[in-house]
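When reading the values below, keep in mind they use all heavy atoms of this one structure, side chains included, and skip hydrogens, waters and symmetry mates.
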Amino acid sequence: MDDTYPTYVNRVARMTVPDSYHSQLPNIQESPKFEHLTDGTTKAVNFPGYTVMTPPWEDESENEAFYGSLQELQGILEQELPPSLMISLPAKSFHFTLADLIWENNYRDAVQNNPEFEPQLQGRIRESFGQYQELYRSSYPIYWQFFGVIVMPRAIGVSLVPKDEESYQRVVEFRRCLYQNPGLIGLGVEQQYHFTAHITLGYFGEIPAQLERDRISSMLSDLNEQWLGKEDNLFLVKRAELRKFDNMTHFYRESDFPAVEF
């Protein structure tokens, strides 16, 4: 399901131009992953599951400068977007999702129907990590880089493209080791999305009746030009981990959860 290297780069490039923003903004929706409280604040709702991701910023120092730059960008978006449109994620939770696994109702059903689901899932992920290490016995510095802000149906974030074809191929092969594992498929884990590497900055909250599409499109395009020229726009993919989440603001792991070094 994942693209070839040139197809991927071209597809992501089309997502970061003003015309794309202009066409995407009328279709954005309020995210159901947060609720509005009576005091005017928002709260993350229960949304449990598992994912494979790079360590979040709070547990990783390799990409300190990159994450710091994203936090700065997030602050600008908070100022420039209409009030309450973006529900910002905690910067310490920033991460690069390498493979979505299972979440919400599918996860709840799996746990209810199979008391051994979680240890079995962990075991199958460990198998896939081992298979990847067999394929690539030598390490390689896998770098991805900032390519622009992207507007998704219920969220806003930054897109990533690989620094070179080898960085792309290694991540794609890693995903294949997961999604083509018969044991994982038997547990109900399937690839459901076309891979678009990104780091989410926030989810959409209250959407104004009249959204200033032209202004927002121009603003996002201007930010892209500024951030593409920054020195701190490279992201090192050094480690992948199985992580569990109860909502979209915190991703955690137990000491025996599988992990793999690239």
Item to check | With Lys238 via salt bridge (Lys or Arg N to Asp or Glu O under 4.0 Å) - residues at least two apart | outcome: Glu62
Next on the checklist: Quick check: closest heavy atoms across Arg239 and Glu261, and the distance to 0.1 Å?
Outcome noted: NH1-OE2, 2.8 Å
Checklist entry - Looking at residues at least two apart in the chain, or sitting in another chain, which of them share a ring pair (Phe, Tyr, Trp, His ring centres under 6.0 Å) with Phe94? => result none
Checklist entry - In Å and rounded to the nearest 0.5 Å, what is the CE to CG distance from Met53 to Leu242? => result 10.0 Å
Checklist entry - Heavy atoms, side chains only, cut-off 4.5 Å: are Asn233 and Phe147 in contact? => result no
Checklist entry - Taking the six-membered ring where the residue is Trp, are the ring centres of Phe245 and His250 under 6.0 Å apart? => result no
Item to check | Distance-only side-chain donor-acceptor flag, Gln24 / Asn27, under 3.5 Å | outcome: no
Next on the checklist: If I compare all heavy atoms of Thr4 with all of Tyr168, which pair ends up nearest, and what's the gap?
Outcome noted: C-CE2, 3.8 Å
Checklist entry - Considering only heavy atoms from C-beta outward, does the side chain of Trp57 approach that of Asn63 to under 4.5 Å? => result no
Checklist entry - Between CD of Gln71 and CG of Leu89, what distance do you get to the nearest 0.5 Å? => result 12.0 Å
Checklist entry - Where does the angle between the aromatic ring planes of Tyr203 and Phe34 fall among parallel (under 30°), tilted (30 to 60°) and perpendicular (over 60°)? => result tilted
Next on the checklist: How long is the straight-line distance from SG of Cys177 back to CD of Glu134, given to the nearest 0.5 Å?
Outcome noted: 10.5 Å
Next on the checklist: Is it the case that the side chain of Glu206 and the backbone of Ser84 share a donor-acceptor pair, with hydrogens and angles ignored and the cut-off at 3.5 Å?
Outcome noted: no
Next on the checklist: Looking at every non-hydrogen atom in both residues, tell me the closest pair between Pro208 and Leu85 and how far apart they are.
Outcome noted: CD-CD1, 4.2 Å
Item to check | Shortest non-hydrogen contact between Glu173 and Tyr136, atoms and distance | outcome: CG-OH, 3.2 Å
Checklist entry - Mind checking whether Ile150 and Leu211 sit in one hydrophobic cluster, side chains of I, L, V, M, F, W, Y counted as touching below 4.5 Å? => result no
Checklist entry - Shared ILVMFWY cluster between Leu98 and Val158, side chains joined below 4.5 angstrom? => result yes
Checklist entry - At their closest point, which heavy atom of Ile207 faces which heavy atom of Glu30, and how far apart are they? => result CD1-N, 3.5 Å
Item to check | With sequence neighbours excluded, residues passing side-chain hydrogen bond (donor to acceptor under 3.5 Å, both in side chains) with Glu166 | outcome: Arg170
Checklist entry - Hey, are the side chains of Pro32 and Arg154 touching, using non-hydrogen atoms and a 4.5 Å cut-off? => result yes
Next on the checklist: Run Ser93 and Thr249 through side-chain contact (heavy atoms from CB on, under 4.5 Å) and show every step you take.
Outcome noted: CA-CA 6 Å; Ser93 74; Thr249 65; 5.5 Å; no
Next on the checklist: Membership question, hydrophobic clusters at under 4.5 Å side-chain separation (ILVMFWY): are Phe117 and Leu101 in the same one?
Outcome noted: yes
Checklist entry - Does the pair Asn181 and Ser128 meet the rule for a side chain to side chain donor-acceptor pair (under 3.5 Å), with working shown? => result CA-CA 7 Å; Asn181 181 329; Ser128 292; 2.9 Å; yes
Checklist entry - Can you check whether Phe251 reaches His95 side chain to side chain, under 4.5 Å on heavy atoms? => result yes
Checklist entry - Phe235 and Tyr67: aromatic ring centres closer than 6.0 Å? => result yes
Checklist entry - Given a cutoff of under 4.5 Å between side-chain heavy atoms of I, L, V, M, F, W and Y, with clusters grown through shared members, what are the other residues clustered with Leu234? => result Tyr143, Leu236
Next on the checklist: For the CE atom of Met152 and the OG1 atom of Thr196, what is their distance to the nearest 0.5 Å?
Outcome noted: 9.0 Å
Checklist entry - Counting heavy atoms not belonging to Gln226, are there more than 12 under 6.0 Å from its CD? => result yes
Item to check | Side chain Thr41, main chain Leu37, donor-acceptor under 3.5 Å | outcome: no
Checklist entry - Does any N or O in the side chain of Thr16 come within less than 3.5 Å of the main-chain N or O of Ala13, such that one atom is a donor and the other an acceptor? => result yes
Item to check | Pairwise side-chain contact, His22 with Pro18, heavy-atom cut-off 4.5 Å (strictly under) | outcome: no
Next on the checklist: Looking only at the side chains, is there a donor atom on one of Asp232 and Ser69 sitting less than 3.5 Å from an acceptor on the other?
Outcome noted: no
Checklist entry - Are the side chain of Asn224 and the backbone N or O of Val149 linked by a donor-acceptor pair below 3.5 Å? => result yes
Item to check | Asn10 side-chain N/O to Pro6 backbone N/O, donor-acceptor pair under 3.5 Å | outcome: yes
Checklist entry - Is a donor on one side and an acceptor on the other found under 3.5 Å between the side chain of Thr54 and the backbone of Val237? => result no
Checklist outcome for this item: salt bridge (charged side-chain N to carboxylate O under 4.0 Å, His left out) test vs Asp2 passes for just one of Arg175, Arg11, Arg176, namely Arg175
Item to check | Six-ring centre of Phe47, Lys33 cation under 6.0 angstrom, axis tolerance 45° | outcome: yes
Next on the checklist: Under 4.5 Å between side-chain heavy atoms, counting indirect links through other Ile/Leu/Val/Met/Phe/Trp/Tyr residues: same cluster for Tyr50 and Tyr179 or not?
Outcome noted: no
Item to check | More than 12 heavy atoms of other groups within 6.0 Å of Lys230 NZ | outcome: yes
Item to check | side-chain contact (heavy atoms from CB on, under 4.5 Å) assessment of Ser31 paired with Ile87 | outcome: CA-CA 9 Å; Ser31 173; Ile87 301 169; 6.0 Å; no
Next on the checklist: Applying side-chain contact (heavy atoms from CB on, under 4.5 Å) to Asp164 and Ser167, what does each step give before you reach the verdict?
Outcome noted: CA-CA 6 Å; Asp164 53 38; Ser167 291; 2.9 Å; yes
Next on the checklist: Side chains of Pro258 and Ile125, heavy atoms from C-beta outward: is any pair under 4.5 Å?
Outcome noted: yes
Checklist entry - Less than 4.0 Å between a side-chain N and a carboxylate O, is that true for Lys244 and Glu254? => result no
Checklist entry - For Phe257, which residues count as a ring pair (Phe, Tyr, Trp, His ring centres under 6.0 Å) partner, sequence neighbours excluded? => result none
Next on the checklist: Could you tell me if Ser88 and Glu78 have a donor-acceptor pair between their side chains, going purely by distance under 3.5 Å?
Outcome noted: yes
Item to check | With Phe174 via ring pair (Phe, Tyr, Trp, His ring centres under 6.0 Å) - residues at least two apart | outcome: Phe129, Tyr132, Phe262
Checklist entry - In Å and rounded to the nearest 0.5 Å, what is the CD to CD distance from Gln180 to Glu190? => result 12.5 Å
Item to check | Shortest non-hydrogen separation from Asp59 to Pro55 and the atoms involved | outcome: O-CB, 4.2 Å
Checklist entry - How many angstroms lie between atom CG of Leu228 and atom CD of Gln145, to the nearest 0.5 angstrom? => result 8.5 Å
Checklist entry - With a 4.5 Å heavy-atom cut-off, do Tyr21 and Ile216 have their side chains touching? => result no
Item to check | Within-4.5 Å side-chain heavy-atom neighbours: Leu77 and Met219 | outcome: yes
Checklist entry - Same cluster or not: are Tyr252 and Met248 linked, directly or through other Ile, Leu, Val, Met, Phe, Trp or Tyr residues, by side-chain heavy atoms under 4.5 angstrom apart? => result no
Item to check | Donor-acceptor pair between Gln192 and Asp100 side chains, under 3.5 angstrom | outcome: no
Checklist entry - With distance as the sole test, does Arg243 use its side chain to make a donor-acceptor pair with the main-chain N or O of Pro56 at under 3.5 Å? => result no
Item to check | Trace of the side-chain contact (heavy atoms from CB on, under 4.5 Å) decision for Ile199 with Phe66 | outcome: CA-CA 11 Å; Ile199 296 174; Phe66 184 90; 3.7 Å; yes
